[in-house]
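Structure record follows, encoded as structure tokens.
Numbers restart at 1 for each chain; the letters A, B, ... are given by sequence-line order, proteins then strands. As the structure is a prediction and not an experimental result, all values here were calculated from the model.
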Amino acid sequence: MKNYLEKKIAARLEELNWPASDLQLSRPKKAENGDWSTSVAMGLARVARQAPLKIAETILTGIDFDPHIVSRYEIAPPGFINFFQAPDFLAHQIRQIVDLDHQYGRNEIGKDLKAQVEFVSANPTGPLTVGHGRQSVLGDTLASILEWSGYEVTREYYFNNAGRQMRKLGESLRARYLTLKGEPTELPEDGYQGAYLIEIARELLVQKPELSDTTDLKVFKEYAETGIFQIIKDTLARMGIIHDVFYNENSLYDDGKIEEVLSLLRQKNLVYEGDGATWFKTTGLGFDQDRVLVKSTGEPTYRLPDMAYHREKFKRGFDLIVDVFGADHQDTYPDVLAALNVMGFDTEKVKVVIHQFVTLMRGDEVVKMSTRKAEFVTLDELLDEVGVDVVRYFYIMRSANSHLNFDLDLAKRQTEENPVFYLQYAHARIASILRKAEERGITFDETVDLSLLVEPETLALINEMLTFPEMIVRCLRTLEIHHLPTYLYSLATALHKFYTEQRVISENIPLSQARLFLLKAVKLTLRNGLEVLGISVPERM
RNA sequence: GCUCCGGUAGCUCAGAUGGAUAGAGCAACGGAUUUCUAAUCCGUCGGUCACAGGUUCGAGUCCUGUCCGGAGUACCA
């Protein structure tokens with residue numbers, strides 16, 4: 001419908017020799033203003049030097065609309081043109097949705113394109129916290145949106161097991177191990193105090209009881225890493241999140257990729273030595289200060305491996321690279337992108353999604369968190385308390401740009417009056433009606449007379465359902481996925497209102513069949529939407 | 001100081017490409033069920049869209065400045 005109107009009007013504008021640049025069709029908020037509307041006449045007032053109402057009239061008098069698509073149109077002050085869809089066209093679209101079934105909502109924008117989404121990427125020093133949860137769900141859902149748009153998607157987890165953090169972790173495990181063995185040992189300063197390390201130490205003691213304080217730290221480091229990664233992967237799996245690739249920073253050193261980046265930047269005269277360190281001359285690229293690439297200790301900063309890693313992403317042939325970061329990384333990517341640009345890569349392909357922090361609340365109390373001190377609520381604990389569906393929904397129902405207040409008390413209480421259940425209930429409600437119809441022996445197929453669907457609540461429901469594919473595209477274009485839960489919520493509202501006003505199963509068999517057919521379409525739309533969100537789709541509640 | 005994010009109803013937040021009377025949930029109050037699931041629906045109350053200018057037919061939305069909150073501004077990641 002939208003494409004049809006755009007084409008028709010654009011053609012007419014060309015005929016009139018008026019610019020079509022600001023031609024846009026939107027869905028009016030109020031049903032009485034039509035199904036589609038354009039303000040193009042008002043935009044042309046200046047160019048055409050005529051009153052908008054007159055312009056609208058001139059445009060419309062030269063167009064013949066197919067009555068099977070546009071039932072009528074009107075001009076409304078101060079110059080809107082409103083179009084009303086023909087019932088035939090609506091019926092046609094409902095049938096199409098049922099035909100498409102699992103495909104409804106998908107598009108082919110990313111057909112034959114490869115995309116990578118990097119998310120979570122927490123170093124394996126402890127279990128995932130409530131803070132990591134937002135990024136986990138955000139990244140996974142973004143990846144789903146890309147898949148629904150035809151991209152071949154790689155979900156990737158990048159981690160660093162080379163630096164100081166991991167050394168501390170190894171030392172902490174060694175201390176725990178020796179203590180368990182009967183040789184009380186103090187945790188190192190800034191060591192990791194979490195109980196999970198005691199568990200891992202206990203397992204290690206069973207498997208390798210012969211280790212001592214002279215054993216290579218590497219043994220403890222690697223054991224800790226493996227153990228903690230298992231915990232992290234288990235947590236993610238509980239939420240249905242599975243990464244295709246775990247990319248290890250160490251490999252960049254082993255393969256000489258770090259050195260390659262350094263020499264590439266050297267060739268561009270963007271590297272110099274100073275104060276015993278190696279610097280990236282970012283001031284030459286428009287930044288306000290230079291950055292250290294290799295510390296005076298000889299260890300690179302995170303920046304250098306990040307550049308090497310992203311270079312590898314490009315070389316792996318991704319057409320779209322999405323990096324999901326927390327707000328604390330907000331300053332780390334501009335110089336990384338600048339370096340890639342210098343190395344000749346098209347950084348337009350990189351989309352950085354920054355999300356603001358999660359503030360964890362217990363009632364009015366802010367819960368302070370520190371991984372090292374083990375003062376945190378783990379994602380696992382949260383999942384235990386409120387369940388996967390609630391966790392997934394809550395993390396993405398708000399814009400990533402907004403701070404998220406996660407009130408634990410509220411989340412726990414919200415097992416009854418919760419937007420997630422509202423959505424699921426809409427689906428279960430339809431399922432129940434369809435079951436009932438089957439019991440009554442009411443059958444229906446694509447030959448039902450859909451022109452019987454005429455009431456305002458019914459049309460509102462249909463129109464809401466028809467915007468689903470647009471919402472997927474919008475999420476893709478903006479990489480802002482909170483639009484989807486917001487949309488599904490309003491679809492559920494439309495369903496509940498319809499349910500309240502119109503009885504589906506009645507003595508009027510043709511009408512019952514038409515409504516059942518509609519509900520079948522609504523049901524699969526809800527299901528597809530919940531699938532994108534990774535939320536379960538109950539047949540009964 | 002500089003950079004990024006936010007400021008919309010009592011609270012938590014939606015408001016894409018500037019459009020028609022700024023919305024939802026929660027909270028408060030009042031209604032609806034002989035009927036397909038009341039985990040639902042309807043109504044009432046509630047607004048200086050932080051503030052001040054500007055751009056134009058039209059600004060919550062774009063521009064400039066100010067104020068408030070958060071994040072960053074490392075030879076941590």
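Between the side chains of A/Q165 and A/T125, not a single donor N or O lies within less than 3.5 Å of an accepting N or O. Judged by distance alone, the side chains of A/Y395 and A/S136 never bring a donor and an acceptor atom under 3.5 Å apart.
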I would like to know whether A/Y489 and A/Y393 meet ring pair (Phe, Tyr, Trp, His ring centres under 6.0 Å); could you show each step before the answer? CA-CA 11 Å; A/Y489 192 91; A/Y393 190 91; 7.7 Å; no
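Comparing the P positions of B/rU8 and B/rG31 gives an interatomic distance of 33 Å, to the nearest angstrom. Taking atom C1' on both B/rC41 and B/rU35, the two are 15 Å apart, rounded to the nearest angstrom. Look at the C1' atom in both B/rC29 and B/rG69: the space between them is 33 Å, to the nearest Å. A distance of about 15 Å separates the P atoms of B/rG23 and B/rC42, rounded to the whole Å.
Residue A/S399 is the one, among A/R540 and A/S399, whose nearest nucleotide of RNA chain B lies closer to the 5' end (criterion: closest heavy atom).
As judged by a 4.0 angstrom heavy-atom cut-off over every strand, A/Q289 is placed among residues touching the sugar-phosphate backbone only. Here A/D328 lies in heavy-atom contact (under 4.0 Å) with a base.
By the 30° and 60° cut-offs, the orientation of the rings of A/Y158 relative to A/Y247 is tilted.
Distance A/N418 CG to B/rG25 P: 14 Å, rounded to the nearest Å.
Salt-bridge formation is detected for the pair A/E118/A/K313: a Lys NZ or Arg NE/NH1/NH2 atom is positioned less than 4.0 Å from an Asp or Glu carboxylate oxygen. Using a cut-off of 4.0 Å between Lys/Arg side-chain N and Asp/Glu carboxylate O, A/E455 and A/R515 are scored as salt-bridged.
Evaluation of atom-type donor-acceptor distances gives a pair under 3.5 Å for the side chain of A/S296 against the base of B/rC75.
One finds a side-chain N or O of A/S432 lying less than 4.0 angstrom from the OP1 or OP2 phosphate oxygen of B/rU37. In this structure, A/K497 does not reach the B/rU40 phosphate: none of its side-chain N or O atoms is under 4.0 Å from OP1 or OP2. Between A/Y422 and the phosphate of B/rC41, there is a side-chain N or O to OP1/OP2 separation shorter than 4.0 Å.
Only A/R474, listed by number, bring a heavy atom of residues 471-479 of chain A to less than 4.0 angstrom from any atom of RNA chain B. At a non-hydrogen distance threshold of 4.0 Å, nothing from residues 51-59 of chain A comes into contact with RNA chain B.
Counting only Watson-Crick or G-U wobble pairs whose defining distances are both under 3.5 Å, the stems of 3 or more consecutive pairs in RNA chain B are B:1-7 with B:67-73, B:10-13 with B:23-26, B:28-32 with B:40-44, B:50-54 with B:62-66.
Of the possible polar contacts, one joining the A/N418 side chain to the A/V420 backbone as a donor-acceptor pair under 3.5 Å is found.
Taking the side chain as every heavy atom from C-beta outward, A/L293 and A/L265 approach each other to under 4.5 Å. In this structure the side chain of A/L484 never reaches within 4.5 angstrom of the side chain of A/T141, judged on heavy atoms. A/I354 is listed as a side-chain neighbour of A/Y333, based on a closest heavy-atom distance under 4.5 Å.
The aromatic ring of A/F80 is stacked on the base of B/rA20, with the two ring centres less than 5.5 Å apart and the planes inclined by under 30°.
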